[in-house]
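Structure record follows, encoded as structure tokens.
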Amino acid sequence: MSDSVATNTSTAPAAAPTFDQFGLSADILKAVRESGYTTPTPIQAQAIPVVLAGRDVMGAAQTGTGKTASFSLPIIQRLLPSANTSASPARHPVRALMLTPTRELADQVAANVQTYSKHTPLRSTVVFGGVDMNPQSDALRRGVEILIATPGRLLDHVQQKTVNLGQVQMLVLDEADRMLDMGFLPDLQRILNLLPKERQTLLFSATFSPEIKKLASTYLRNPQTIEVARSNSTNANVRQIVYEVHESDKSGAVAQLIRERELKQVIVFCNSKIGASRLARVLEKDGIVATAIHGDRSQSERMQALDAFKRGEIEALVATDVAARGLDIAELPAVINFDLPFNAEDYVHRIGRTGRAGASGDALSLCSANERKQLADIEKLIKRPLQVEPLEVTIRARRDASAPRRDERFGRPERTEHRHSPRDESGPRRRTTGTHDRPRGRQQPIDEFFLKPYEPSPSAMKRQEETVEPERKSAPKQPLAALLGGLGMPRKS
DNA sequence: AAAAAAC
């Protein structure tokens with residue numbers, strides 16, 4: 001057998017592949033059929049046989065490629081032989097554990113597992129923070145074979161002794177890079193130390209950074225690498241446009257894009273929680289049904305917002321990057337970046353919410369003059385320039401009701417912008433020349449910021465050199481490597 | 001710079 005699954009596809013070249021080819025049980029296939037799936041996606045075609053064979057997997061798959069099913073289906077299959085209908089909790093120990101970085105993602109994975117296992121005697125449940133522990137504890141005490149969790153709450157349950165991980169045979173680390181980004185490494189290590197050494201481990205990550213590789217070499221055994229789409233690449237189904245706008249025009253621009261393009265549903269990404277809440281309120285004032293979702297909202301508000309959005313009751317879901325990864329919203333026609341993300345990888349994840357499952361989608365990004373660095377970073381990451389267009393913003397977004405109100409003359413497009421404080425104008429504008437003669441009250445020309453490629457100013461370069469050079473500036477990186485390296489029990493391949 | 005996650 002070839003060691004590379006990617007090149008081992010010559011056995012079934014022409015005929016459309018089906019789920020029947022994997023030898024999955026009839027109960028699983030029935031659930032797959034009822035979900036409406038007939039043809040496995042590339043990641044599924046590659047991963048399912050490898051997982052069924054019991055091998056460890058290092059998977060790089062974009063979200064929206066059917067990744068969840070690619071590990072859930074074979075895991076359910078592998079657990080089936082010892083599944084039983086006994087009511088005794090002792091007969092239902094946790095044998096598969098799936099960890100995700102965010103609560104919403106955990107919930108979503110759990111829903112998938114529930115769906116695919118519904119015709120089997122296997123039990124599953126999900127535990128994450130922000131909600132009452134007691135129902136989770138009850139479910140755990142009744143016994144589940146498959147447990148989906150966020151790391152913190154799982155450890156909480158471990159401490160409460162409501163769950164025992166001593167019989168886990170299969171572990172999934174979903175969005176592993178994100179978990180490391182979020183500082184979950186110590187929690188992951190604590191959890192991993194509770195698991196049997198003899199187990200199957202599946203690690204999925206958008207990128208194979210050195211940290212991820214280190215994690216994999218520590219905890220995976222001779223993993224099979226599976227890569228369906230190059231990481232850091234963006235889906236060809238997604239049309240990407242960047243609109244040049246002034247920071248102060250962004251709210252109006254969002255409302256305008258939603259109206260002009262008649263977007264029935266859209267996720268609007270903001271860089272801050274406050275910004276997301278504010279934009280949601282502004283859009284509501286403009287008659288667009290909008291709700292914010294971010295980490296400062298209660299878990300029930302978050303779940304309500306997501307459910308309502310999935311039901312189509314909300315037009316604009318205004319989100320922070322809590323919603324950037326993994327969330328699967330069927331037929332989402334577009335995402336809008338209100339802000340360009342500071343981290344270019346997050347751009348790829350954000351726009352991956354649209355154009356899923358073969359559908360087409362639009363990724364519309366607003367870029368103000370002081371976001372050129374982010375734009376340059378994104379283009380560098382995805383290795384191609386983005387289409388940049390000016391956007392004439394004619395909608396003057398209604399101001400946030402909670403913001404100080406100095407001018408009630410809404411609806412007058414020619415109205416001059418009175419509320420510019422010097423602070424709002426930080427960044428490039430102050431160091432530019434030739435803008436003093438612009439017509440008063442009209443937008444300052446921004447073309448000059450976009451026409452020439454981004455170059456850090458000499459002073460910025462200098463600052464960077466100064467900050468990078470000293471040893472202790474790189475010190476925060478140390479704990480990660482130290483933690484990984486000092487963990488003992490390195491696995492031999 | 002910001003966000004996420006256990007109480």
Side-chain angles (χ1 to χ4, degrees), chain A residues 98-109 126-137 140 147-163 173-191 194 206 247 267-279 292-299 301-303 305-306 317-327 337-350 353 367-378 423-424 426-428 456 460 463-464 467 473 476:
Chain A
M98 305 174 178
L99 299 177
T100 73
T102 67
R103 300 165 181 174
E104 278 77 10
L105 200 49
D107 208 27
Q108 183 178 291
V109 171
V126 59
V127 303
F128 51 75
V131 295
D132 192 354
M133 270 189 90
N134 291 322
Q136 298 177 355
S137 302
L140 290 171
L147 177 58
I148 301 95
T150 48
R153 179 55 70 92
L154 177 64
L155 284 169
D156 215 348
H157 280 290
V158 167
Q159 234 168 9
Q160 308 271 326
K161 301 227 190 300
T162 43
V163 68
L173 301 173
D174 198 11
E175 306 276 357
D177 52 339
R178 184 59 153 194
M179 288 202 271
L180 293 191
D181 286 349
M182 288 167 58
F184 273 139
L185 182 60
D187 283 352
L188 289 184
Q189 289 174 329
R190 250 171 255 139
I191 293 166
L194 298 167
E247 197 61 44
I267 298 183
V268 187
F269 285 104
C270 298
N271 283 358
S272 75
K273 294 180 277 199
I274 290 173
S277 282
R278 190 183 297 142
L279 178 61
I293 182 168
H294 57 67
D296 275 355
R297 302 204 71 193
S298 74
Q299 195 54 38
E301 287 172 322
R302 280 163 63 165
M303 292 192 286
L306 195 56
L317 185 67
V318 188
T320 59
D321 282 321
V322 68
R325 296 202 184 205
L327 287 195
N337 286 308
F338 180 85
D339 299 307
L340 287 181
F342 292 119
N343 186 343
E345 268 172 29
D346 285 333
Y347 173 84
V348 179
H349 290 289
R350 287 180 179 186
R353 295 315 98 221
C367 180
S368 68
N370 52 16
E371 289 177 297
R372 292 178 54 230
K373 166 98 168 70
Q374 284 111 293
L375 180 58
D377 286 348
I378 290 164
R423 234 208 310 264
D424 290 334
S426 61
R463 265 200 311 280
Q464 191 162 15
T467 52
K473 281 292 174 190

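Lettering follows sequence order; numbering is per chain, from 1.
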Of the listed nucleotides [options], the one nearest the side chain of [X]:
| X | options | result |
| --- | --- | --- |
| Thr102(A) | dA6(B), dA3(B), dA5(B) | dA5(B) |
| Gln159(A) | dA2(B), dA5(B), dA6(B) | dA6(B) |
| Ser272(A) | dA4(B), dA6(B), dA2(B) | dA2(B) |
| Phe342(A) | dA1(B), dA3(B), dA5(B) | dA1(B) |

Given atom [atom1] of [X] and atom [atom2] of [N], what is their separation to the nearest angstrom?
| X | N | atom1 | atom2 | answer |
| --- | --- | --- | --- | --- |
| His349(A) | dA2(B) | NE2 | C1' | 16 Å |
| Met179(A) | dA3(B) | CE | C1' | 16 Å |
| Gln136(A) | dA5(B) | CD | P | 14 Å |
| Arg297(A) | dA5(B) | CZ | P | 14 Å |
| Leu99(A) | dA5(B) | CG | P | 14 Å |
| Met182(A) | dA6(B) | CE | C1' | 12 Å |
| Asp174(A) | dA5(B) | CG | P | 15 Å |
| Phe269(A) | dA2(B) | CZ | C1' | 14 Å |

I'd like to check the salt bridge (charged side-chain N to carboxylate O under 4.0 Å, His left out) partners of Asp346(A); sequence neighbours left out, ordered by chain and number.
Arg178(A), Arg325(A)
Would you check if the side chain of Arg350(A) reaches a backbone N or O of Asp321(A) as a donor-acceptor pair within less than 3.5 Å?
no
Going by side chain to side chain donor-acceptor pair (under 3.5 Å), name the residues that satisfy it together with Asp187(A), two or more places apart in sequence or in a different chain.
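Asp187(A) satisfies side chain to side chain donor-acceptor pair (under 3.5 Å) with Arg190(A) only.
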Do the side-chain N or O atoms of [X] get closer than 4.0 angstrom to the phosphate oxygens (OP1, OP2) of [N]?
| X | N | result |
| --- | --- | --- |
| Arg103(A) | dA4(B) | no |
| Arg302(A) | dA3(B) | no |
| Thr150(A) | dA4(B) | no |
| Lys373(A) | dA1(B) | no |

Inspect the contact between Asp377(A) and Lys373(A) and indicate whether a charged nitrogen and a carboxylate oxygen are less than 4.0 angstrom apart.
yes
Please classify the nucleic acid contact of Asp321(A) as base, sugar-phosphate, or nothing, using heavy-atom distances under 4.0 Å.
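Here Asp321(A) touches no strand at all.
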Mind checking if Gly183(A) touches a base, just sugar-phosphate, or nothing, with heavy atoms under 4.0 Å?
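No contact at all - Gly183(A) keeps every heavy atom at 4.0 Å or more from the nucleic acid.
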Reported CD1-to-CG distance for the pair Ile293(A) and Leu306(A), which is rounded to 0.5 angstrom:
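Rounded to the nearest 0.5 Å, the CD1-CG separation comes out at 5.0 Å.
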